[in-house]
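Everything on this sheet refers to the single structure shown next.
For clarity, every value in this text was computed on a predicted model and none was experimentally measured. Values below: every heavy atom of this structure, side chains too, minus hydrogens, waters and symmetry copies. For ligands, and for the atoms within them, numbers begin at 1 and follow the listed sequence.
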Amino acid sequence: MTSQAKILNLVNRPTPRRMDYVFDDSIPMDWFGGSPFKSMLLTALSATFPEGERFFVDSVRHYQKHVNPDLAKQVSGFIGQEAHHGREHTAFNEFMGRKGLPMAEIDAFVKKGLTFMRGKLSPERQLAMTCALEHFTAVLAELALENPEFFAPMDDRVKALWYWHAIEESEHKAVAFDVFQEQVGSYWIRSSQMVINTVEFAFFSSYHTYQLLKARGIQRDWKMHREGLKELFVKPGWLRKMGKAYLSYYKPSFHPWQRDTTAAMNHWKAVYGIE
Ligand SMILES: [Fe+2]
Ligand SMILES: [Fe+2]
């Protein structure tokens, strides 16, 4: 770890915060600026969070007793944060479920898939999978925190949830990675697992988005798909913009704090009164 990464690790300690968001049924189904494509894409991600984050926690907890004392403290912060994320996203998912979306089915599907993974993958691979997916969340969080226009069209009541989650994902973005480097340290396992999880993530995010759109009978609205994909990949090309950040993971010398997001995190903490 470079000295800059060490300093940023000290500055940004993962602090668990209990939030108690309430999702009023008056919030529209297309809470992301009236766009069914973006609203269902992020709803699909949210549907996978409670089970996904439980998997992350377990894969890191497996090593908690063995890591150095300071990292063990950060692991506790990480576990606390992910537990709260699971709780708030469950509230959000139940709210979207009340609108008739198959949120419980997606949750059950993810649970089954991850139970299979727990049985098949070694603890090293499970931790590498967590590192890969934590890199995705860190990159998406960076996109949101540093480009206010991305989340701007969201309904304010939902926006608060996503900003809080983005802040905390940034705070703990190095924890699973540091555990992996200290306890496993294999570049091959880390990078090959990233390739596998990139394919899986792209496939399952698209599949769950499709399930939600299908439940609404709008899965064949090609104009909506075209415009949504254009916004993600072409103009302004939100995901394309994050390509470099994503690829940096494959550098053998990569560390999550090589991307310093502290200023943007502090800005949004101040906006939402998060301490
Ligand atoms: Fe999280
Ligand atoms: Fe996380």
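- For the pair E142 and R259, the salt-bridge criterion is met [side-chain N within less than 4.0 Å of a carboxylate O].
- Nearest N, O or S atom of H165 to the Fe ion (ligand 1): atom NE2.
- Nearest N/O/S atom of H85 relative to the Fe ion (ligand 1): this is ND1.
- Closest N/O/S atom of E134 to the Fe ion (ligand 2): OE2.
- Using a 4.0 Å cut-off between charged side-chain N and carboxylate O, E227 and K230 make no salt bridge.
- Vertex the Fe ion (ligand 1), arms ending at OE2 of E53 and OE2 of E169: the angle is 140° after rounding to 10 degrees.
- Residues H89 and W162 place their aromatic rings such that the two centres sit under 6.0 Å apart.
- Coordination check, E168 versus the Fe ion (ligand 1): failed, since every N/O/S atom of the residue sits at 2.8 Å or beyond.
- Using cut-offs of 30° and 60° for the angle between ring planes, the H135 and F254 rings count as perpendicular.
- By the 4.0 Å N-to-carboxylate-O rule, E88 lies too far from R18 to be salt-bridged with it.
- Looking at E82 and the Fe ion (ligand 2) together, the shortest N, O or S contact belongs to OE2.
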